[in-house]
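Notes for the one structure printed next.
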Number of protein chains: 2
Amino acid sequence: MKTNGVKLDERDLRIIEILQREGRLSKSELARRVNLSSTPCWERLRHLEDAGIIEGYEARVSLKAFGPLTQVVVTVELESHLPEEFARFEAAVQAHPEIYECDSLGGGIDYVMRVMARDLESYQAFMDRFLGSGLGIRRYFTYVVTKPVKHTPPPVTRIGGSG
Amino acid sequence: MKTNGVKLDERDLRIIEILQREGRLSKSELARRVNLSSTPCWERLRHLEDAGIIEGYEARVSLKAFGPLTQVVVTVELESHLPEEFARFEAAVQAHPEIYECDSLGGGIDYVMRVMARDLESYQAFMDRFLGSGLGIRRYFTYVVTKPVKHTPPPVTRIGGSG
DNA sequence: CCTGAAATCTATAGGTA
DNA sequence: TACCTATAGATTTCAGG
């Protein structure tokens, strides 16, 4: 598989797949799983990290354990599509920790975001403040997450590259 | 902070925050960061894991490194809202690795999903197959992700619980 | 890619407040 | 209960082949 000029073989892909699901696996156990001794496995992993292919590691926390929590998916359309207006909106997104995911989209919606709030009331209070801060939001729609159905790491090793 | 009967103090929350961003930090360095010696820090971490508060660890990979890749956000409405139909749809979601995130929503849309594909053509080919498999999808909308704006871990330690 | 070994980290035992 | 120090065993990292 080719990835922007860097070549990854089956072992590299296997290392990535394993760490996408077991990010804290020891390097020695990882080496065992890919049938290598620990040094070459370690060198491969270091390469994947240094090349930015593996960007970092995250603990996944149980949202239930922190309940009550309300997760909200929000779609946003801006009044204006000037680059300056996009930049202003995105800066505001960065500034608010309650908004923890946001992507720019093509196809009639400008952005989807995920917002974390204690409950619907505090979500609405947050959005009132957010909208009041003078971003040019034409309209937005609110969808409360009622149940997580599936959350897996992005299947890049199956889908991506030219392999 | 209270979390479903388990009490977490400031140090526990700090441990969680650190590992949400640096999931592979060594336990000894983690102990240093929270001003503890390694034993009590290790016990706290073990408790967080055993209690399911920390569910696991994931390597975060660069989607760019695997390019070309197309990420698509899809909203779905089903024909029928019978529990049986929901279950059938959700089982199909589980069965397709291309769909790597899916949440059930309230408010006019039944589901949002994220689909990973090589390009728009293979996305469309995938959706044609998916729709052809006889799930009762009334309609769906496709939004291509044009730019990731913000992706941080869910801010549970700031927002969640009663603290 | 391997072996081997020093530096570091992990997990546990035993003790103090 | 929550913390400490000490330490054996495991792991990580780096030579050298």
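Fair warning: this is a prediction, and the values are worked out from it, not measured in the lab. Reminder, nothing fancy here: chain letters follow the sequence lines and each chain counts from 1.
- Judged by distance alone, the side chain of B:Arg33 and the main-chain N or O of B:Ile15 form no donor-acceptor pair under 3.5 Å.
- Taking side-chain N and O atoms only, A:Arg44 has a distance below 4.0 Å to OP1 or OP2 of C:dC1.
- Contact annotation: side chain of A:Ser38 to base of D:dT11, donor-acceptor pair absent below 3.5 Å.
- The shortest side-chain heavy-atom distance between B:Asp110 and B:Phe89 does not fall under the 4.5 Å cut-off.
- Computed from coordinates, the A:Arg46 CZ to C:dC1 P distance equals 14 Å when rounded to whole Å.
- Residues from residues 22-32 of chain B lying near DNA chain D, meaning a heavy-atom separation below 4.0 Å, are absent.
- Side chains of A:Ser28 and A:Ser26: a donor-acceptor N/O pair is present below 3.5 angstrom, by distance only.
- In terms of modelled atom types and a separation under 3.5 Å, the side chain of B:Arg11 and the main chain of B:Asn35 share a donor-acceptor contact.
- Cation-pi geometry between A:Arg24 and B:Tyr57 is met: the NZ or CZ atom falls under 6.0 Å from the ring centre, inside 45° of the normal.
- Distance A:Leu45 CG to D:dC14 P: 13 Å, rounded to the nearest Å.
- Remark: B:Arg11 is in phosphate contact with D:dC3, judged by side-chain N or O atoms under 4.0 Å from OP1 or OP2.
- B:Asp12 places its CG atom 15 Å from the P atom of D:dT1, with the value rounded to the nearest Å.
- At C:dC2, none of the side-chain N or O atoms of A:Thr39 fall inside 4.0 Å of OP1 or OP2 (strictly under the cut-off).
- Distance A:Trp42 CH2 to C:dT3 C1': 16 Å, rounded to the nearest Å.
- Taking atom CG on A:Leu36 and atom P on C:dT3, their separation rounds to 11 Å, with Å as the unit.
- If you measure from atom CD of B:Glu43 to atom C1' of D:dA2, you get 8 Å, rounded to the nearest angstrom.
- Proximity of a side-chain donor or acceptor of A:Lys150 to a complementary backbone N or O of B:His96 within less than 3.5 Å is detected.
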